[in-house]
Student: 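Input: one structure, supplied below.
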Amino acid sequence: MDGLEEPVSSAVPDARDLVSKVMREWGLRHLANDMMLIADEMVANAVRHARTPLRVELRRAGEHVVLEVTDSSREEPRVIVSQPGEFGHRGIFLIDAIATRWGTRRIDGGKVVWAEVKTS
């Protein structure tokens, strides 16, 4: 599954809906909530920080599901630990807590942020 989205806030629920649908189709309902949260955070970060068209791709790789968000920004995300009572800046922190592993890779014209979750 993949799709190109404009950098608008509606890209977040669109990505979440696609992930939910694909998880059901793949018989991985038990991962749907985690993968939707990861999609929420990754796409929201791309919309908020990259402000470029973005691509969302979801694929199975052996015993893992991999979600990738590609955008045209070279700025890499980083884990920020928010202070108590502070709102925001928790996206990558949440991804880091949920995903089996995650990272970024540079590509011509931008980057790919990816996260993988074990299927079992």
Side-chain angles (χ1 to χ4, degrees):
M1 173 217 82
D2 71 73
L4 187 65
E5 290 282 344
E6 289 300 313
V8 294
S9 59
S10 64
V12 175
D14 290 348
R16 184 177 53 240
D17 291 346
L18 273 170
V19 168
S20 175
K21 178 183 174 201
V22 171
M23 291 294 96
R24 285 192 315 270
E25 289 173 359
W26 288 350
L28 298 172
R29 288 177 189 260
H30 64 286
L31 295 179
N33 288 337
D34 285 348
M35 293 305 296
M36 287 188 304
L37 180 56
I38 289 170
D40 277 355
E41 298 302 336
M42 288 172 62
V43 172
N45 280 345
V47 169
R48 187 176 304 117
H49 300 292
R51 297 185 187 116
T52 69
L54 58 100
R55 177 174 303 279
V56 175
E57 183 177 345
L58 185 64
R59 69 182 189 299
R60 290 184 82 163
E63 295 182 2
H64 294 89
V65 173
V66 180
L67 178 70
E68 294 184 339
V69 175
T70 304
D71 63 49
S72 299
S73 171
R74 306 281 293 169
E75 182 181 340
E76 293 189 18
R78 63 191 196 291
V79 175
I80 297 173
V81 178
S82 298
Q83 299 301 313
E86 181 182 5
F87 295 101
H89 305 293
R90 290 188 169 89
I92 298 299
F93 180 80
L94 290 171
I95 292 167
D96 189 58
I98 295 168
T100 305
R101 60 189 196 123
W102 71 276
T104 60
R105 70 177 180 274
R106 292 190 184 267
I107 57 171
D108 286 340
K111 70 174 175 308
V112 176
V113 180
W114 57 270
E116 69 180 36
V117 173
K118 198 165 185 163
T119 58
S120 56

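Numbers here simply count residues along the sequence, with the first being 1.
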Student: Identify whether V12 and M42 are in the same connected component of the hydrophobic contact network (ILVMFWY, side-chain heavy atoms under 4.5 Å).
Tutor: yes
Student: Is there a side-chain contact between P13 and R16, using heavy atoms and a 4.5 Å cut-off?
Tutor: yes
Student: Test side chain to side chain contact (heavy atoms under 4.5 Å, CB included) on H64 and V117 and set out the steps.
Tutor: CA-CA 5 Å; H64 294 89; V117 173; over 6 Å; no
Student: With sequence neighbours left out, what residues match K21 under side-chain contact (heavy atoms from CB on, under 4.5 Å)?
Tutor: R24, E25
Student: Considering residues at least two apart in sequence or located in another chain, which fulfil the salt bridge (Lys or Arg N to Asp or Glu O under 4.0 Å) criterion with R105?
Tutor: E68
Student: Grouping I, L, V, M, F, W and Y whenever their side-chain heavy atoms are under 4.5 Å apart, do I95 and L58 come out in a common cluster?
Tutor: yes
Student: Compare every heavy atom of A46 with every heavy atom of L54, then report the nearest pair and how far apart it is.
Tutor: CD2-CB, 3.8 Å
Student: Which residues pass the side-chain contact (heavy atoms from CB on, under 4.5 Å) test with S73, not counting sequence neighbours?
Tutor: A50, D71, E75, K111
Student: Would you give me the side-chain donor-acceptor pairs under 3.5 Å for residues 27-39, sequence neighbours excluded?
Tutor:
{"residue": "H30", "atom": "NE2", "partner": "T119", "partner atom": "O", "Å": "2.8"}

Student: Quick one, L18 and V56 - any side-chain contact, counting heavy atoms below 4.5 Å?
Tutor: no
Student: If you compare all heavy atoms of V43 against all heavy atoms of A15, which two are closest, and at what distance to 0.1 Å?
Tutor: CG2-CB, 3.7 Å
Student: Please list, chain by chain and in numerical order, all residues satisfying side chain to side chain donor-acceptor pair (under 3.5 Å) with S72, sequence neighbours excluded.
Tutor: none
Student: About how many Å separate CD of E57 and CZ of R59, when rounded to the nearest 0.5 Å?
Tutor: 5.5 Å
Student: Quick one: list whatever passes side chain to side chain donor-acceptor pair (under 3.5 Å) with R48, sequence neighbours left out.
Tutor: none
Student: If you round to the nearest 0.5 Å, how far is CG of D96 from CD1 of I92?
Tutor: 8.5 Å
Student: Output all residues satisfying side chain to side chain donor-acceptor pair (under 3.5 Å) with R101, sequence neighbours left out; order by chain, then residue number.
Tutor: E116
Student: Considering residues at least two apart in sequence or located in another chain, which fulfil the side chain to side chain donor-acceptor pair (under 3.5 Å) criterion with N45?
Tutor: none
Student: To the nearest 0.5 angstrom, please state how far the CD1 atom of I98 sits from the CZ atom of F93.
Tutor: 10.5 Å
Student: I need the minimum non-hydrogen distance between W114 and T104, along with the two atoms involved.
Tutor: NE1-N, 3.6 Å
